[in-house]
Amino acid sequence: MAEVKRELKRSLKTIHLWGIAVGLVISGEYFGWSYGWDKAGTLGFMITSLVIATMYTTFIFSYTELTTSIPHAGGPFAYARRAFGPTGGYIAGMATLIEFVFAPPAIALAIGAYLGVQFPGLDPKHAALGAYLVFMFLNVIGVTIAATFELCVTILAILELLVFMGVVAPGFSWANFAAHGWSGADQFSSASYSGMFAAIPFAIWFFLAIEGAAMAAEEAEDPRKTIPRAYISGILTLVFLAIGVMVFAGGVGDWRQLANINEPLPKAMQMVVGADSGWLHMLVWIGLFGLIASFHGIIMGYSRQIYALGRAGYLPSVLASVNQRFQTPHWAILAGGVVGVAAIYADSVIQLQGMSLTAAIITMSVFGAIVMYIISMASLFKLRRTEPHLDRPYSVPFYPFFPLVALLLALVALVAMIYFNQTIFWIFIGFMAVGYVYFLATRQAREDAPHDEMLQTVGDVVK
């Protein structure tokens with residue numbers, strides 16, 4: 001029997017990784033965040049977003065130390081496995097998997113909503129299914145093709161956001177932005193705090209999944225140089241775009257009309273230029289590139305996480321198979337797609353906390369992300385202590401302040417999210433528990449997995 005191929009091809013340059021890092025996230029500038037206005041108002045959500053931007057900035061500077069020291073396709077799974085052993089690896093791997101598998105269906109539904117602006121009779125779910133089929137295929141046929149496509153659509157998406165800001169700027173009014181800005185009230189009060197904490201998942205959506213570029217580490221030409229450049233330039237790009245889009249969209253009219261919808265930017269532009277403007281139609285069509293960039297990039301991300309977990313014996317080994325022709329993890333790509341499509345069609349039988357399906361899926365994805373951020377920062381501290389001589393081509397500045405700020409803000413975010421989203425939290429715990437039962441039952445698979453030096457804890461003798 002022929003040996004299953006388990007190596008990925010190194011072909012990605014800094015510009016590709018920057019495109020992946022920004023592209024993974026940029027759909028968060030197009031939709032999702034406006035659900036936070038419904039909770040906190042424009043002013044309250046601005047404060048929440050700035051705090052979360054601080055969390056992500058300090059996190060990325062810290063996370064880059066891990067990605068360059070341990071350039072592994074498993075990303076956070078690999079860092080936690082090395083720091084805390086098999087159980088730590090499971091927690092990080094499963095949390096990351098939930099984050100990256102549940103983000104694409106939310107984005108796919110937004111793609112359907114944007115298309116619905118042009119084709120009112122189109123069912124968003126059917127459009128979402130079509131998006132899965134197209135972009136899973138594109139990911140299967142080659143990482144260089146996929147990454148180059150990702151770079152192109154990311155650049156177009158950034159240009160379109162800049163165009164949006166320029167077109168709506170003449171209609172901007174601070175009075176519009178500030179009206180009812182504290183959870184629906186004009187004045188700040190103690191009730192505003194509740195709204196700001198409840199809005200945390202949607203502020204996180206502005207930046208969710210930037211860490212996924214680490215999962216391309218085994219396909220980067222020189223990960224120890226290219227990843228720091230990509231991450232640092234990427235987070236600066238995203239902070240600028242997030243603040244710009246939020247401020248300009250909120251100031252063109254009654255922002256309450258933009259909360260709880262999947263297409264806030266076309267609706268905001270419509271308030272300024274009218275429904276028949278060519279600018280509006282351009283935004284809808286080119287704006288799809290922003291959604292496509294994230295959708296396509298996160299498929300790339302979840303497939304590498306599934307691939308790494310399968311290779312290490314945490315998931316069935318068939319998921320670590322690499323297509324001999326294209327050198328991509330084809331079964332991992334398809335497996336994540338099956339879960340995503342199921343989530344899209346699940347709202348007919350499952351209702352969660354009175355949320356829209358998109359908001360509920362976003363919240364589930366964010367739970368996975370926050371748990372992963374916490375264990376990643378804990379891994380950084382642990383590895384600094386247990387492996388002081390580990391080769392660190394990039395060291396986080398202002399250690400231990402930056403990782404500590406990221407860790408503390410992530411813990412606050414997790415507590416707030418549990419308080420406001422208890423139903424979704426228990427479903428998240430259910431996924432983690434079911435996965436842990438599988439983890440306990442498959443110890444032999446991990447013992448039989450190929451040796452991987454990057455996963456070994458100091459003094460590790462058992463996989």
Side-chain angles (χ1 to χ4, degrees), residues 55-97 99 211-215 217-218 220 222-225 227-228 231-232 304-305 308-309 311-315 368-411 414 432 435-436 439-440 442-443 445-463:
M55 181 188 83
Y56 267 93
T57 301
T58 53
F59 171 77
I60 284 300
F61 274 96
S62 305
Y63 191 74
T64 300
E65 177 174 309
L66 293 169
T67 62
T68 53
S69 303
I70 309 170
H72 193 280
F77 152 71
Y79 320 144
R81 171 63 182 83
R82 182 147 176 168
F84 297 111
T87 301
Y90 164 74
I91 294 170
M94 187 63 179
T96 305
L97 202 56
E99 174 193 0
E211 68 278 359
M215 297 175 204
E218 290 187 33
D222 187 353
R224 296 182 172 191
K225 293 182 179 178
I227 288 178
Y231 266 146
I232 293 168
R304 272 54 180 181
Q305 184 68 191
L309 291 171
R311 185 176 61 181
Y314 286 71
L315 289 175
I370 288 294
V371 170
M372 185 273 285
Y373 299 158
I374 291 169
I375 196 166
S376 293
M377 292 301 93
S379 298
L380 189 151
F381 283 116
K382 177 71 178 299
L383 290 171
R384 279 286 188 117
R385 182 171 61 83
T386 59
E387 298 192 52
H389 302 298
L390 177 67
D391 184 18
R392 293 177 171 85
Y394 174 91
S395 294
V396 55
F398 306 110
Y399 181 86
F401 178 70
F402 268 23
L404 185 60
V405 168
L407 177 60
L408 292 177
L409 289 177
L411 286 167
L414 180 62
M432 295 292 290
Y436 190 62
F439 168 79
L440 293 176
T442 54
R443 176 188 175 98
R446 292 189 297 282
E447 293 179 350
D448 294 341
H451 177 75
D452 190 336
E453 189 66 34
M454 283 193 281
L455 299 182
Q456 300 310 300
T457 304
V458 173
D460 194 8
V461 294
V462 179
K463 295 180 182 177

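Source: prediction; values computed, not measured. All heavy atoms count here, side chains included; hydrogens, waters and symmetry mates do not.
- Minimum interatomic distance between Gly93 and Leu309 (heavy atoms only, all atoms of both residues): O-CD1, 3.9 Å.
- Taking every heavy atom of both residues into account, Ser379 and Ala80 meet most closely at OG-CA, 3.3 Å.
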Counting only pairs under 3.5 Å, give me each side-chain donor-acceptor contact of residues 402-409, with atom names and distances, residues two or more places apart or in other chains.
none

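- Considering all non-hydrogen atoms of both residues, Ala410 and Ile374 come closest at CB-CG1, 3.7 Å.
- Applying the ring-ring contact (aromatic ring centres under 6.0 Å, His included) test to Phe84 and every residue at least two apart in sequence or in another chain returns nothing.
- Pro228 and Thr64 make their closest contact through CA-CG2, 3.5 Å (heavy atoms, listed as atom of the first residue, atom of the second, distance).
- Here Ser395 pairs with nothing under the side chain to side chain donor-acceptor pair (under 3.5 Å) rule; sequence neighbours left out.
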| task | Please lay out, stage by stage, how Arg82 and Glu387 fare under the test side-chain contact (heavy atoms from CB on, under 4.5 Å). | result | CA-CA 10 Å; Arg82 182 147 176 168; Glu387 298 192 52; 2.8 Å; yes

| query | What's the verdict on side-chain contact (heavy atoms from CB on, under 4.5 Å) for Leu315 and Leu97, showing C-alpha distance, side-chain angles and the deciding distance? | reply | CA-CA 11 Å; Leu315 289 175; Leu97 202 56; 4.2 Å; yes

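- Of all heavy-atom pairs spanning Ala92 and Ile375, the tightest one is CB-CG2, 3.6 Å.
- With hydrogens and angles ignored, the 3.5 Å screen pairs a side-chain donor or acceptor of Arg446 with a backbone N or O of Phe439.
- The line from CE of Met377 to CE of Met372 is 9.0 Å long, rounded to the nearest 0.5 Å.
- With a 4.5 Å cut-off on side-chain heavy atoms, Phe61 and Tyr399 do not count as touching.
- Once rounded to the nearest 0.5 Å, the distance linking CD of Glu447 with OG1 of Thr442 reads 10.5 Å.
- The shortest side-chain heavy-atom distance between Ile60 and Thr57 does not fall under the 4.5 Å cut-off.
- Between the side chain of Thr58 and the main chain of Met55, a donor-acceptor pair closer than 3.5 Å is present.
- We find the CZ-OG distance between Phe381 and Ser376 to be 12.0 Å, quoted to the nearest 0.5 Å.
- Arg392 and Pro388 get closest at one heavy-atom pair: NH1-O, 3.5 Å.
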| request: Under the side-chain contact (heavy atoms from CB on, under 4.5 Å) rule, what do Met94 and Tyr436 come out as? Steps first, then yes or no, please. | output: CA-CA 9 Å; Met94 187 63 179; Tyr436 190 62; over 6 Å; no

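- For the atom pair Ile70 CD1 and Arg81 CZ, the distance stands at 11.5 Å (nearest 0.5 Å).
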| message | Set out, in order, the CA-CA distance, both residues' side-chain angles and the distance that settles side-chain contact (heavy atoms from CB on, under 4.5 Å) for Ile91 and Met432, then state yes or no. | response | CA-CA 8 Å; Ile91 294 170; Met432 295 292 290; 4.2 Å; yes

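- No close placement of the Tyr373 and Tyr63 rings is indicated, their centers lying 6.0 Å or farther apart.
- Here the CZ atom belonging to Phe401 is positioned 10.5 Å from the OG atom belonging to Ser62, to the nearest 0.5 angstrom.
- One distance of note links CD of Gln305 with CD of Glu99; it measures 9.0 Å at 0.5 Å rounding.
- Under the 6.0 Å cut-off for aromatic ring centres, Phe77 and Tyr314 qualify, their centroids lying closer than that.
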